[in-house]
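In each ligand, atom 1 is the first atom listed, and ligand 1 is the first ligand listed. If you read the sequence from its start, that first residue is 1, and numbering goes on from there.
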Amino acid sequence: MAKIIVVGGSLGGLFVANILLKQGHDVTLLERAAGLLNGRGAGIVTHNALADALREAGIQVDDSLGVLVKKRVTLGSDGTCLADMDLPQILTSWSRLYHLLKTNFPERYYLQGKQVKSVSQDDDKVYVSCEDGSEYTADILIASDGIHSTIRAQFAPNIKPQYAGYVAWRGVCDEDYLSKLTLDTLFDYFGFCLPQGEQMLGYPVAGLNNDLRPGKRRYNFVWYRAAPESDELIKLLTDDDGIFYPTGIPPLKVSWRNIHDVREAARTLLAPQFAEILEKTAAPFLQPIYDVRSDQTVFGRIALMGDAAFVGRPHVGMGVTKAGDEAIAIAKQIKIFGATPLALEAYSNERLQLGQDVVARAQYLGRYMQSQGKKVEQEHLKRNANTVMAETAVDISALLASGKAVPDSSDASTSV
Ligand SMILES: Cc1cc2nc3c(=O)[nH]c(=O)nc-3n(C[C@H](O)[C@H](O)[C@H](O)COP(=O)(O)OP(=O)(O)OC[C@H]3O[C@@H](n4cnc5c(N)ncnc54)[C@H](O)[C@@H]3O)c2cc1C
């Protein structure tokens, strides 16, 4: 039995901590937040690999995981259906996954209010210092401390999140607030709306307390909108008291003026069904979209995983699934090589290229967003409803396995 520290108690950290604990290791998880984490109920697209990772973590996967959606639709700005596509998928929510993983992990090993300040290592051990003065020693450390990872900043300071030039407005709207038109033409579907240079998508998720009953569910939306870094982004990340949050504005701090503006834009640009959803969502919030592409994820006895290692833009709908895959890979290599640098090196060999490919795929899917405001000669950057529906948040395991995350330029004429 090895002593293993996991830094970060969100989905990535909980995946690996649960799997390693099940393997019989002495796992301590350090999470900087003091209370329950909050994903604002935002939706998560699932893939088979995500269900596999949950099972590996010791969680039974059944119909209560999420809402089964059978079809995708793209609505025009007048609300009519432009195109549709059969594509069954289970849509769950961040909070559902967090609840499943957190309740499965013993509280005594999940230490909160533990902000890791720095990490060091020698030939035998890794040493962790927290802001509250506490210190920990272990055989290896898994860093799943997110996009702004403290541990990546210490060991690979050159790898930084790169802003993609646009943000995602997000939110969830209660099903029973919605009109019959929206319920009949959008609610049961993975829906899209594609005004020039923008992309709105949404899908149903469970309601309060994972309620999956019709009438009790919610519609989750993600609206990608260009926001130049020099002006619009600063405005969006500044609250009503003038405080600027450079790394992301807390959901409840989003300015009412910006919420007003995005609702107004929805009325002008989007299908009325989506505009209604935005209007009736109590507290829309936003996240800037970043790429993180690491060229090294293992440093002796320390390994990065989840968003700390790679962030692919959410068009791939892969972040959580990727974290689950990485957790499985880490645990598998530890089973073979023990909790040693050798095991972490083997994990890196298995996953580094795949992580980079996910980032490349996500950049490819997001390219048209970056063309906003620029002259785009390439016809292939034009959106196409069928292509967007076929490529967004689908299982790309076969593409990754074949090394074809991004099509050859000859294929790209059909891309978005
Ligand atoms: C708009 C949008 C839509 C998305 N949709 C999907 C989707 O459909 N499907 C999907 O799979 N993924 C999706 N994702 C991505 C997914 O949400 C992330 O990839 C995933 O949640 C990352 O999990 P993580 O555990 O690696 O990082 P995080 O959730 O960021 O967790 C990091 C944790 O580390 C803690 N921490 C940070 N620093 C320290 C420190 N110094 N000491 C201790 N603790 C620390 C933090 O408090 C936090 O709890 C989406 C993302 C966005 C922005």
Any chance the side chains of [X] and [Y] put a donor and an acceptor closer than 3.5 Å?
X: Trp223; Y: Glu198; result: yes
X: Lys114; Y: Ser134; result: yes
X: Ser118; Y: Gln154; result: no
X: Gln115; Y: Asp132; result: no

Taking only residues two or more places apart in sequence, or in another chain, which ones meet Tyr347 in a ring pair (Phe, Tyr, Trp, His ring centres under 6.0 Å)?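 Ring pair (Phe, Tyr, Trp, His ring centres under 6.0 Å) check on Tyr347 returns nothing, list empty.
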Going by ring pair (Phe, Tyr, Trp, His ring centres under 6.0 Å), name the residues that satisfy it together with Phe299, two or more places apart in sequence or in a different chain. Phe155
Anything under 30° is parallel, anything over 60° is perpendicular, the rest tilted; go ahead and classify [X] against [Y].
X: Tyr110; Y: Phe105; answer: perpendicular
X: Tyr224; Y: Tyr166; answer: perpendicular
X: Tyr203; Y: Phe190; answer: tilted

At what distance is the nearest protein heavy atom to [atom], and which residue and atom is it?
atom: atom 38 (N) of ligand 1; result: Arg32 NH1, 3.5 Å
atom: atom 25 (O) of ligand 1; result: Gly12 N, 2.8 Å
atom: atom 42 (N) of ligand 1; result: Val116 N, 2.9 Å
atom: atom 11 (O) of ligand 1; result: Val320 N, 2.7 Å
atom: atom 50 (C) of ligand 1; result: Pro314 CB, 3.9 Å
atom: atom 31 (O) of ligand 1; result: Ser10 CB, 3.0 Å
atom: atom 8 (O) of ligand 1; result: Val45 N, 2.9 Å
atom: atom 41 (N) of ligand 1; result: Thr150 OG1, 3.0 Å

Check ligand 1 against [X] and write out every atom of the ligand that is under 4.0 Å from a heavy-atom position of the residue.
X: Leu37; result: 49 (O)
X: Asp307; result: 18 (C), 19 (O), 22 (C), 26 (O)
X: Leu30; result: 43 (C), 44 (N)
X: Thr321; result: 11 (O)
X: Leu11; result: 25 (O)
X: Ser144; result: 25 (O), 26 (O), 32 (C), 33 (C), 34 (O)
X: Gly306; result: 26 (O)
X: Gly146; result: 27 (O), 30 (O), 32 (C)

In the structure I gave you, are the side-chain heavy atoms of Met305 and Thr297 within less than 4.5 Å of one another anywhere?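 A side-chain contact is absent here, since even the closest heavy-atom pair is not under 4.5 Å.
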Identified side-chain hydrogen bond (donor to acceptor under 3.5 Å, both in side chains) counterpart of Asp139 within the set Lys125, Arg301, His25, Lys3: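 When side-chain hydrogen bond (donor to acceptor under 3.5 Å, both in side chains) is applied between Asp139 and each of Lys125, Arg301, His25, Lys3, only Lys125 qualifies.
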Determine, considering heavy atoms only, which of Leu286, Asp145, Ile44 sits nearest to atom 17 (O) of ligand 1.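 Result: the heavy atom closest to atom 17 (O) of ligand 1 is in Ile44.
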Identity of the nearest option to atom 49 (O) of ligand 1, non-hydrogen atoms only, from His315, Lys114, Gln287, Glu31: Glu31
With rounding to the nearest 0.5 angstrom, report the CG to NZ distance, Asp307 to Lys322.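 If we round to the nearest 0.5 Å, Asp307:CG and Lys322:NZ are 6.5 Å apart.
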Given the rule in the salt bridge (charged side-chain N to carboxylate O under 4.0 Å, His left out) test, do Arg257 and Asp240 qualify, once you have shown the distances and angles that lead to the verdict? CA-CA 8 Å; Arg257 290 176 181 83; Asp240 287 315; 3.2 Å; yes
Can Ala323 be said to touch ligand 1, with heavy atoms closer than 4.0 Å?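 Judged by the 4.0 Å heavy-atom criterion, Ala323 does not count as contacting ligand 1.
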Heavy atoms only, cut-off 4.0 Å: how does Met318 contact ligand 1, side chain, backbone, both, or neither?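 Backbone only; the side chain of Met318 stays clear of ligand 1.
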If you measure every N/O of Gly319 against every N/O of ligand 1, is any gap under 3.5 Å?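 In this structure, Gly319 places an N or O atom under 3.5 Å from an N or O of ligand 1.
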